[in-house]
There are 2 protein chains.
Amino acid sequence: MGTMKRAVTHPSAPHMPPLLARSAFELFADSGFANVNLDQIAARAGVTKGSLYWHYRNKKELILAACDHYYRHWQTDVEHAIAQGASPLERLRLALVFSVDSCIIDTRNRLFTTGVFMLMQEDADVRVSWSRFYGAVRAFYVGLVTAAQREGTPSPRDARRQVDLMLEAMEGLKLRAGFEPHIARPAERKAIVAGLLGVLCPIERTGRRKT
Amino acid sequence: MGTMKRAVTHPSAPHMPPLLARSAFELFADSGFANVNLDQIAARAGVTKGSLYWHYRNKKELILAACDHYYRHWQTDVEHAIAQGASPLERLRLALVFSVDSCIIDTRNRLFTTGVFMLMQEDADVRVSWSRFYGAVRAFYVGLVTAAQREGTPSPRDARRQVDLMLEAMEGLKLRAGFEPHIARPAERKAIVAGLLGVLCPIERTGRRKT
DNA sequence: TCGTGCCCATACTGTACGGTATAGTATGGT
DNA sequence: ACCATACTATACCGTACAGTATGGGCACGA
């Protein structure tokens, strides 16, 4: 029955959902989830609330979409950041530099993820969303660490545990940067990267003695 | 004019401000800052909003009072937790156990501090409030670490840097406990304490080779 | 040409909540 | 006896904002 074409829908504005998600992310990252209303998000995308509700059922769906936007960007950005690294150890170092800079310098990143943690406490969907992302980040770093260990340094036993510890410190660092801005100075950042690298490769600093 | 006395005020309900602060803290810690309104806080203290506004000028002052309540309790609790420790190293370990348990098991602690971090991003008063507390916690741990180093293990160089790294990891741990509840298992907690102790006393684990 | 989904805008509703105005009570000083 | 101050309760206001109702234009297929 019917002809062949006309499968189901015929969306003529497939760009809107991602555009709205991007607008939402930017506003959330600038002002926090609670301080942004749907009118602002719609306006930033060049439409009004009526249109927004065509693409998303409620604010929570927009929040989840903004989270996905963030996750995707993190992954492409970190891949790009380590692309120049020659050795595995160097790639690991570059990844750490990228992450530390994101945490300390990028205020938006800080505000957005802090807000996610807040929402996580009261919303299971946000929780699983972030959990998935965290799993990806952990897998990424575990890969880097094991690659770096194979060539060179002896080996800490459980790479995963080291990575967890490092990522925890990274989150704490993000929070601390909010009230101790002096850690944004280059020398401090360098020391922090060294400290995190020390967590991932404990034995590696046997020869150094200079801070 | 007037006689000498009559200094200033004559509070007949000096218990109300701390009572309200305590009520506020408990509600905030249970439901988050944004999900608690002033009527609830007043009701929990056995009064109404009108009275509440006699003692506190606005919600923000109540929030700051609730923070102070939390800080004070943390300090007395941790002092109590390490009281049984015989050696400095043992006291350090007890402090870590206490902190890790607070972060992982105590959901209220998690929700409250996460909310504080959120508010910190947009309110300078909350920022300095937390900053002061963080300074006290850091000083506390630096004292424990240097005491533990004097007797025994060789020495990591800068105790303060190690403590910062440890506290950052602790914060991250708190957040991670929100979406990976399996780390609340006793064995995991023990491993985490060991990991943090390893951050504070890097050399110390030369003999061990287990787990 | 007419209908039928897609997409968007305008206008509105309901409500939650921070804050205020105001009136009443209890107490302690003189 | 009187009054001022400390405190509490009730009722209300203003506003911000999530979500809805509704209608219009536009493409396309019949």
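In this pair, A:Trp130 and B:Phe179 present their aromatic rings perpendicular. The plane angle is above 60°, beyond the 30 to 60° band. A tilted orientation is assigned to the rings of B:Phe28 and B:Phe33, their planes being inclined by 30° to 60°.
The shortest non-hydrogen separation linking B:Gln162 to B:Leu200 is O-CD2, 3.7 Å.
DNA chain C is contacted by B:Asn58, B:Lys59 of residues 58-65 of chain B, taking any non-hydrogen atom closer than 4.0 Å. At a non-hydrogen distance threshold of 4.0 Å, A:Gly46, A:Val47 from residues 31-47 of chain A come into contact with DNA chain C.
Between A:Glu188 and B:Arg161 there is a salt bridge, since at least one side-chain N of the basic residue sits less than 4.0 Å from a carboxylate O of the acidic one. The pair A:Arg176-B:Glu171 does not meet the salt-bridge criterion, since no charged nitrogen lies less than 4.0 angstrom from a carboxylate oxygen.
Checking B:Asn109 against B:Tyr70 by side-chain atom types alone, a donor-acceptor pair falls below 3.5 Å.
The shortest distance between the side-chain N/O atoms of A:His55 and the OP1/OP2 oxygens of C:dC6 is not below 4.0 Å. Close to D:dC7, at under 4.0 Å from its OP1 or OP2, lies no side-chain N or O of B:Ser51.
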Discussion item. Is there a side chain to side chain donor-acceptor pair (under 3.5 Å) between B:Tyr134 and B:Asp164? Walk through the geometry before answering.
Written reply: CA-CA 10 Å; B:Tyr134 182 85; B:Asp164 273 331; 2.8 Å; yes

Discussion item. Using the rule given for ring pair (Phe, Tyr, Trp, His ring centres under 6.0 Å), can you reason through B:Tyr71 versus B:Trp74, listing the C-alpha separation, both sets of side-chain angles and the distance that settles it, and then say yes or no?
Written reply: CA-CA 5 Å; B:Tyr71 303 154; B:Trp74 187 88; 9.7 Å; no

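Within the 3.5 Å criterion, the main-chain N or O of B:His73 finds a donor-acceptor partner in the side chain of B:Thr76. Put simply, the side chain of A:Arg189 gets close to the backbone of A:Ala184: a donor and an acceptor are under 3.5 Å apart.
Following rounding to the nearest Å, B:Leu52 (CG) and D:dA9 (C1') show an atom-to-atom distance of 13 Å. Regarding B:Tyr53, its OH atom lies at a distance of 16 Å from the C1' atom of D:dT10, rounded to whole Å.
Among the nucleotides C:dG18, D:dT8, C:dT10, the one closest to any side-chain atom of A:Thr48 is C:dT10. Side-chain proximity of B:Lys49 to D:dG19, C:dT20, D:dT8: nearest is C:dT20. Of the listed nucleotides (C:dC6, D:dC7, D:dT20), C:dC6 has the atom at the smallest distance from the side chain of A:Trp54.
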Would you list the protein and nucleotides 21-24 of chain D atom pairs, both N or O, that sit under 3.5 Å from each other?
none

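Contact annotation: the side chain of B:Phe140 approaches that of B:Ile82 to within less than 4.5 Å [non-hydrogen atoms, C-beta and beyond].
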